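Read the structure below first, then the notes.
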2 protein chains.
Amino acid sequence: MPTVSSEELAAAAGVNSAKLRKDFSYLGSYGTRGVGYDVEYLVYQISRELGLTQDWPVVIVGIGNLGAALANYGGFASRGFRVAALIDADPAMAGKPVAGMPVQHTDDLEKIIEDNGVSIGVIATPAGAAQQVCERLVAAGVTSILNFAPTVLSVPDGVDVRKVDLSIELQILAFHEQRKAGEDLAADDVVPPVAAKQPRKGPDGDVPAVMPA
Amino acid sequence: MPTVSSEELAAAAGVNSAKLRKDFSYLGSYGTRGVGYDVEYLVYQISRELGLTQDWPVVIVGIGNLGAALANYGGFASRGFRVAALIDADPAMAGKPVAGMPVQHTDDLEKIIEDNGVSIGVIATPAGAAQQVCERLVAAGVTSILNFAPTVLSVPDGVDVRKVDLSIELQILAFHEQRKAGEDLAADDVVPPVAAKQPRKGPDGDVPAVMPA
DNA sequence: CCATCTTTGTGCACGCGTTCACAAAGGCAT
DNA sequence: ATGCCTTTGTGAACGCGTGCACAAAGATGG
Ligand SMILES: NC(=O)c1ccc[n+]([C@@H]2O[C@H](COP(=O)([O-])OP(=O)(O)OC[C@H]3O[C@@H](n4cnc5c(N)ncnc54)[C@H](O)[C@@H]3O)[C@@H](O)[C@H]2O)c1
Ligand SMILES: NC(=O)c1ccc[n+]([C@@H]2O[C@H](COP(=O)([O-])OP(=O)(O)OC[C@H]3O[C@@H](n4cnc5c(N)ncnc54)[C@H](O)[C@@H]3O)[C@@H](O)[C@H]2O)c1
């Protein structure tokens, strides 16, 4: 029976082995003292706890540059996600195949969500349409949203939103870049715990929506 | 003179006003007691500290579905980023215009980086090519990398990497989704501080690279 | 069956970030 | 000029996650 110790896993993941063991203990994971964790059993347990054993239907709304790229991305299926539908407001796109699947019109959004039991929606529309699309998704039964539009969505309690803002990613890199360049000249300036490393999210989270676009 | 109080900003950003004030104090930001912060001055100070007043040339390597979408994205320019070049290994793509800019071949990668003084690179190649591309970028002088390929890049000290893994974003949503569904049946199960909200990144950070794809 | 060795599971302490709370500062009206 | 009101800037307390350290558990070999 192939096993791994918390020490090995921790080294591979670059974390503390005690933290790893403590985390596993929350899952009720059973290791064997003196031996370690049964790899197969562990993978299964984590997969189940993370929801990877289920098949999650998702819809992508806004099939433009980004939406089409997402639709073509094969990396979702391998993690248990199935693109159930592609939805766009442009009548010219309706019926047009993208990634081997016909684009459907927003008129049918509610029906699509319900028929497929979709609870996760991806928004890749322009910023101006995002809040409205979000509200329709939520009203139709979606309770988790991945938002690519540069807008802060407001949603009722019980709905999760994660925002992917690529500009902010670049900004964070630029920030550190500037620091690297500057520290030669101005030794120790200000800014102690500002903008740490890469913990990415909070309910809203890190980067306050204070800056203009 | 238009001003904002820390209280107003905090409410808008959904954070604690004291934290916001303390953060501003690190920037040496000067507010006026009894009044608040001068909006214009504040925006300028934060922009400068964040490096938004500079023009950052970036290159995108791997002009496929995702790379092309990024190249077409207008949201970067407005934050001070300029796409200096699009680079792809496919000879058939060389010279072909994407987003009004000719795609250049990877053969010229080093020269492009140096000529344009690029310090930030975006990797949108298949996972298999990412590490190799990364090494060439770093060797040519790039010190910050935004990685979209589902691979953990290893880089020398002094080089920053941020990874955007869309599958993990969906997984986190699915995880909470499962929790929502499950808490009706099994009241309070396990898992206390597992998978928090949306702090997204650490040097490597949140999600240990333990799970198989 | 006992001794020994390895590795888990976890109580506890440390450290850090967040939040509270308030004195000081500045504006503004009288 | 004086007093009042608002809001900043920050010292200090709190809370939480992380890491340490160890007792208990189980395997393994004699
Ligand atoms: N392209 C990128 O790399 C990138 C990067 C970061 C963020 N974004 C953001 O992602 C979003 C999409 O970007 P894009 O480049 O794909 O834009 P795009 O203009 O190419 O595509 C937008 C699509 O949304 C559709 N649409 C508009 N209103 C809609 C509605 N109400 N309902 C349904 N569909 C609607 C349009 O018909 C279009 O097909 C934008 O908000 C953009 O800021 C894009
Ligand atoms: N498309 C998405 O929405 C999406 C989402 C998440 C992650 N990703 C990841 O982003 C990467 C790109 O995805 P895609 O859908 O654009 O793939 P793609 O196959 O459409 O594009 C990849 C491009 O990279 C080029 N390329 C290959 N090897 C190269 C090299 N050594 N140097 C330079 N260019 C090279 C190819 O010629 C191609 O144009 C993949 O790693 C994918 O897993 C994509």
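A quick note: this is a predicted structure, and the numbers were derived from the prediction, not measured. As a basis for the values below, the full set of heavy atoms in this structure was taken, side chains included, without hydrogen atoms, waters or symmetry mates. Chain A is the first sequence line, chain B the second, and so forth, proteins listed ahead of strands; every chain is numbered from 1.
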Listed nucleotide nearest any side-chain atom of A:Lys22, set C:dG26, C:dC12, C:dT19: C:dC12
Ion pair B:Arg179/A:Glu49, N-O distance below 4.0 Å: yes
Minimal non-hydrogen separation, A:Val118 against A:Ile120, with atom names: CG1-O, 3.2 Å
Interatomic distance, B:Gln45 CD vs D:dT8 C1' [rounded to whole Å]: 16 Å
Distance in angstrom units between B:Glu8 CD and D:dT6 P, rounded: 14 Å
Nearest-nucleotide pick for A:Arg33, side chain only, options being D:dT10, C:dA25, D:dA23: D:dA23
Options D:dT7, C:dG9, D:dT10, nucleotide nearest the side-chain atoms of B:Arg21: D:dT10
Reference residue B:Leu66; test side-chain contact (heavy atoms from CB on, under 4.5 Å); the match among A:Asn72, A:Leu66, A:Asn65: A:Leu66
Strand DNA chain C in bracket notation, Watson-Crick/G-U under 3.5 Å with | for pairs to another chain: ||||||||||||||||||||||||||||||
Of the listed nucleotides C:dA24, C:dC12, D:dT10, the one nearest the side chain of B:Ala18: D:dT10
Touch class at under 4.0 angstrom, heavy-atom based, for A:Ser6 against every strand present: sugar-phosphate
Among D:dT18, D:dA27, C:dT19, the one nearest B:Asn16 by side-chain distance: C:dT19
A:Tyr37 vs C:dG9: side-chain N/O to OP1/OP2 distance below 4.0 Å: yes
